[in-house]
J.: 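Just dropping this structure here.
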Protein chains: 2
Amino acid sequence: MARKTKDEAERTYHALLNAATALFIKQGIAKTTLNDIATAAGMTRGAVYWHFDNKDAVIRALWDRNAGTLHARFNQELLNLDPENPEQHFRQAIKSIVQNIVSEPELGEAIHIVMHCVEFTDEQTELQRYLRDKRSELHNALEKALTVLQKRKALHTSLSPALLAQGMICYLYGLIHNHLEPGKAVLDLRKNGDALLDLFMDSLFV
Amino acid sequence: MARKTKDEAERTYHALLNAATALFIKQGIAKTTLNDIATAAGMTRGAVYWHFDNKDAVIRALWDRNAGTLHARFNQELLNLDPENPEQHFRQAIKSIVQNIVSEPELGEAIHIVMHCVEFTDEQTELQRYLRDKRSELHNALEKALTVLQKRKALHTSLSPALLAQGMICYLYGLIHNHLEPGKAVLDLRKNGDALLDLFMDSLFV
DNA sequence: TATTATACATTCAACAATGTATGTAAATGG
DNA sequence: CCATTTACATACATTGTTGAATGTATAATA
């Protein structure tokens, strides 16, 4: 076939990722073949194998594209809490994570796929290790932020920052997981996210 | 092949479920073939197809066997809180859910598989609908329990019981999900479960 | 004890999915 | 304007997996 412009190639790259996203959400990763992705994007499997090594690489690429920058941004934000008012900054940072997810569809879709469609097994694949590292980055940032708050005597509980970070991560994970659930969204995080997060964080701070 | 005793047949049934459980956790559902399960149990695929319709039926059966009764029990317990001291009963019921999961390996394995290995997609399979119904049973029970507590003026927050139930479910889900994560268990729920649950529930009650 | 249902094993047909190899025409760089 | 690389499409070989059909020896049953 005829060679495409760099621009055109990039457009098919994104078309492939978009098609993959939609198919993964609709019918799952296991049931989605590389041919499904290609034809849904108006291409053939040759295009998929040109841009990606295999199905896992597609998943990783779509995570990078749709969640990578935001992930890094939150990471940085938690590591650099405003010294003037770290507690308010922390609360706002946590809330904005949720608000970003509910307001940016592509970000929500990427997290949806990672939470509801990727299998996490004992024999870890490269993809699983990659995603695990991403989450542990966030966890470390959270723990450091809570440690800063503890040193500022801002924490109201006797539990360790490490443990509080675990609880916080679990709560966040559960809220987002529930909100992104397929079918009727049983939990409207856009409306109730702040209230539910404050409910938890009120138990952390003085 | 020779026909087996009813007793022997039931033993192979359980052997198949045990083999399936171990394989699903180790290498995932998608990568585990029915032949894998059979040979791991010392049988052939014929045995699997005799006891189960397909792979999804295996998953459903192992959930029923390992989590079914406990699920029903907690359901009932939440719907019949001790009128003498409903708050303490509620707190204890929630804690015992977690304690059961961390102390009963087979229960933990079943939930592990459902949480980490089953894909949840828009086009729901029969298995997905089954699991979704189970969770909504638990959700309804939780919401009713919290409604009872609200009528008793035991709730400390202005948020609705429905919303609190959502938050509670999400927190529980996150904690259990994290605890059952493959690889090094980053969160030791056996040691810290009660403290983390009290942290949250303290924000609910007076 | 004769019959029937059971608990599998074995075999087969069908196809689906992957990875790779090869073809190709146009874009790009010098 | 020529050589080379790019961005795919096409074709192929291989392999895996499912579902169903069939076989069969024995346990259960009456």
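Labels below follow one simple rule: chain letters A, B, ... track the order of the sequence lines, proteins then strands, and each chain is numbered from 1.
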J.: Round to a whole Å and report the spacing from CG of B/Asn35 to P of D/dT15.
T.: 16 Å

J.: For A/Ile37 and D/dC8, what is the distance between atoms CD1 and P respectively, to the nearest whole Å?
T.: 15 Å

J.: Answer yes or no for A/Arg135 and A/Phe120: cation-pi contact, defined as NZ/CZ to six-membered ring centre under 6.0 Å and angle to ring axis within 45°.
T.: yes

J.: For C/dC8, take OP1 and OP2 only and decide whether either is under 4.0 Å from a side-chain N or O of B/Tyr49.
T.: no

J.: Counting only side-chain N and O atoms of B/Thr5, is one of them less than 4.0 Å from OP1 or OP2 of C/dA7?
T.: no

J.: When all nucleic acid strands are considered with a 4.0 Å heavy-atom cut-off, which category describes A/Thr33: base, sugar-phosphate, or nothing?
T.: sugar-phosphate

J.: Between atom CD in A/Glu10 and atom P in D/dA7, what is the gap in whole Å?
T.: 10 Å

J.: In whole Å, I'd like the distance from the CZ atom of A/Phe52 to the P atom of C/dA17.
T.: 19 Å

J.: Between C/dT24 atom C1' and A/Trp50 atom CH2, what is the distance in whole Å?
T.: 13 Å

J.: Does B/Glu8 use its side chain to pair, donor to acceptor, with the backbone of B/Thr5 at less than 3.5 Å?
T.: yes

J.: At under 4.0 Å between heavy atoms, what does B/Lys31 touch on the DNA or RNA strands: base, sugar-phosphate, or nothing?
T.: nothing

J.: Should B/His51 be listed as having a side-chain N or O under 4.0 Å from OP1 or OP2 of C/dC8?
T.: yes

J.: What's the spacing between B/Tyr171 OH and A/Met168 CE if we round to 0.5 Å?
T.: 9.5 Å

J.: Is any side-chain N of the basic residue among B/Glu10 and B/Lys6 closer than 4.0 Å to the acidic one's carboxylate O?
T.: no

J.: Counting heavy atoms from C-beta on, name the nucleotide in D/dG19, C/dC8, C/dT20 closest to the side chain of B/Leu34.
T.: D/dG19

J.: Would you kindly give the NZ-to-C1' distance between A/Lys6 and C/dT28, to the nearest whole Å?
T.: 9 Å

J.: Choosing from C/dC8, D/dT18, D/dC8, which nucleotide comes nearest the side chain of A/Met43?
T.: D/dC8

J.: Whole angstrom is fine here: how far is it from CG in A/Asp7 over to P in C/dA27?
T.: 13 Å

J.: Distance from A/Ile59 atom CD1 to A/Tyr130 atom OH, nearest 0.5 Å?
T.: 12.5 Å

J.: Could one point to a donor on the side chain of A/Arg3 or the base of D/dT5 with an acceptor on the other under 3.5 Å away?
T.: yes

J.: Nearest of D/dT18, C/dT28, D/dC8 to any side-chain atom of A/Thr12?
T.: D/dC8

J.: When the distance from CD1 of A/Ile29 to C1' of C/dA17 is rounded to whole Å, what number comes out?
T.: 16 Å

